[in-house]
Every structure is written in C-alpha cells, then in structure tokens.
Amino acid sequence: LRQAGTEERHRAYRSGPTMVNEAFAMAVTIKPMETPAEMEGRGYVHWKAWQGTYTGLIDQSYLYSLSLEKQIGIARQHPENTLVAKDGDRVVGFVVYGPYRWEDLPSTGEVMAIYILKEYYGQKVGYALMHTALKALSGYGRVALWVLKGNERAIRFYEKCGFRFDGAEKAGTMGRPVTELRMIWER
C-alpha cells in the first residue's frame, strides 16, 4: 500500500471526510450550538475531554480545578462560533473557531478548541467537526491552532487534517510551565 502524499491528503481532506461510516452518517450531526442543553453538553465534553487528554501533561491540581460547572459557564458565556457534534440529543464533541486572536498572522482564521468524547474516537467525529469549521473559515487563506507540546494524539490528528508546525511556540502555565506549538493549515 502506498501512503498518500501530503498534497493528496490535503486535497482529499478539503473535499470532506471520506471515511465516514454509514452508522456515523445516520447518527451524528454537526450543527451550531444554540440551546441551553447544547451549551451544557459542550461544557461536559470540554471537562471530560480535559480529564482524559491532559492527565500527565499538565499539573494534576490545575486539571482538578477545571470543574464541570466552570466549563458549562464558559460555554454559556461564549456560545459564538461553536459547532457541536450530536448523537441524537447528546453532545459528543465540539469545535470553536474564529479570527486568529494574535497580531502576528493577519488575515488568518483559528481553531481555538476541538474536543470529542473518548468513546467517539475513531468514528470520524473530529474530522467532521474540523471540516465544518474549516468550511466556516473559508474567508481565510490559512487557519492556525495551538497544541500542547506532548499531546501526540492531537498532533497526529491535526497533521492528518493538513496542519503543519510553523516553528512558533508560546509558554504558559497550567499549574506548571507548559509549551504550546502553533500549527498552520493553508488552502
């Protein structure tokens, strides 16, 4: 088997997820977050995904300080530019997108957050969310995101979506010093 080259993967991704199975197509929908129940679901996914994703990557006490109530509050305060993935009435993932928040990359979009419940890994929910967010950001020639150094699963996912590191890093604190790496997707 020959692995598709970067351009082939990028071109295929822009046309949308190609490996979505029939069960996914029938059960999971991607839509703008609108209702209080969807905001609560987004908060739950954010909280649950952080517990599973960042254990061992950030300080445990910081992780515990991110309560479910706090994440639901964030979802309610910032409902704009949020898409949710729903399996029936249940929110199983979300993505937040918009204009890039820093001045060093003008005319750039940003994927600020994308999280999926662990039991939906491997079902192309993340690809569907990313594809829909990139489509919503179609007015930008490039899209940036920041990923925590050491978050290998996320890095592999972003690379499969066509994002590449551009060498930019930023230091932060999540109970202890952490480094975020910037990745760029270009049309």
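Numbers here simply count residues along the sequence, with the first being 1. All values below were derived from every heavy atom in this structure, side-chain atoms included, with hydrogens, water molecules and symmetry-related copies excluded.
- Rounding to the nearest 0.5 angstrom, the gap separating the OH atom in Tyr121 from the CZ atom in Phe157 is 10.5 Å.
- Applying the salt bridge (Lys or Arg N to Asp or Glu O under 4.0 Å) test to residues at least two apart or on different chains, the pairs with a partner in residues 112-122 are Arg90-Glu119.
- With sequence neighbours left out, the salt bridge (charged side-chain N to carboxylate O under 4.0 Å, His left out) criterion links Asp104 to Arg182.
- With sequence neighbours excluded, the residues satisfying side-chain hydrogen bond (donor to acceptor under 3.5 Å, both in side chains) with Asp87 are Tyr120.
- Under the ring pair (Phe, Tyr, Trp, His ring centres under 6.0 Å) criterion, Phe94 pairs with His46, Tyr115, sequence neighbours left out.
- With rounding to the nearest 0.5 Å, the separation of CH2 in Trp146 from CH2 in Trp102 is 7.0 Å.
- Evaluation of the salt bridge (charged side-chain N to carboxylate O under 4.0 Å, His left out) rule for Lys86 yields Glu38 as partners, not counting sequence neighbours.
- Applying the salt bridge (charged side-chain N to carboxylate O under 4.0 Å, His left out) criterion to Glu169, with sequence neighbours excluded, gives no partner residue.
- Counting only heavy atoms from C-beta outward, the side chains of Leu137 and Arg187 approach each other to under 4.5 Å.
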Expected list for residues 170-177: side-chain donor-acceptor pairs under 3.5 angstrom, two or more places apart:
| unit_1 | atom_1 | unit_2 | atom_2 | d |
| --- | --- | --- | --- | --- |
| Arg176 | NH2 | Gly56 | O | 3.2 |
| Arg176 | NH2 | Leu57 | O | 3.1 |

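- Counting only residues at least two apart or on different chains, the salt bridge (Lys or Arg N to Asp or Glu O under 4.0 Å) pairs with a member in residues 93-103 are Arg101-Glu110.
- Thr108 pairs by the side-chain hydrogen bond (donor to acceptor under 3.5 Å, both in side chains) definition with Arg142, not counting sequence neighbours.
- Residues forming a side-chain hydrogen bond (donor to acceptor under 3.5 Å, both in side chains) with Glu34 (at least two apart in sequence, or on another chain): Lys31.
- Among residue pairs with one or both ends in residues 39-56, those qualifying as salt bridge (Lys or Arg N to Asp or Glu O under 4.0 Å) are Glu40-Arg76; sequence neighbours excluded.
- Among residues two or more places apart in sequence or in another chain, the salt bridge (charged side-chain N to carboxylate O under 4.0 Å, His left out) test is passed with Asp59 by none.
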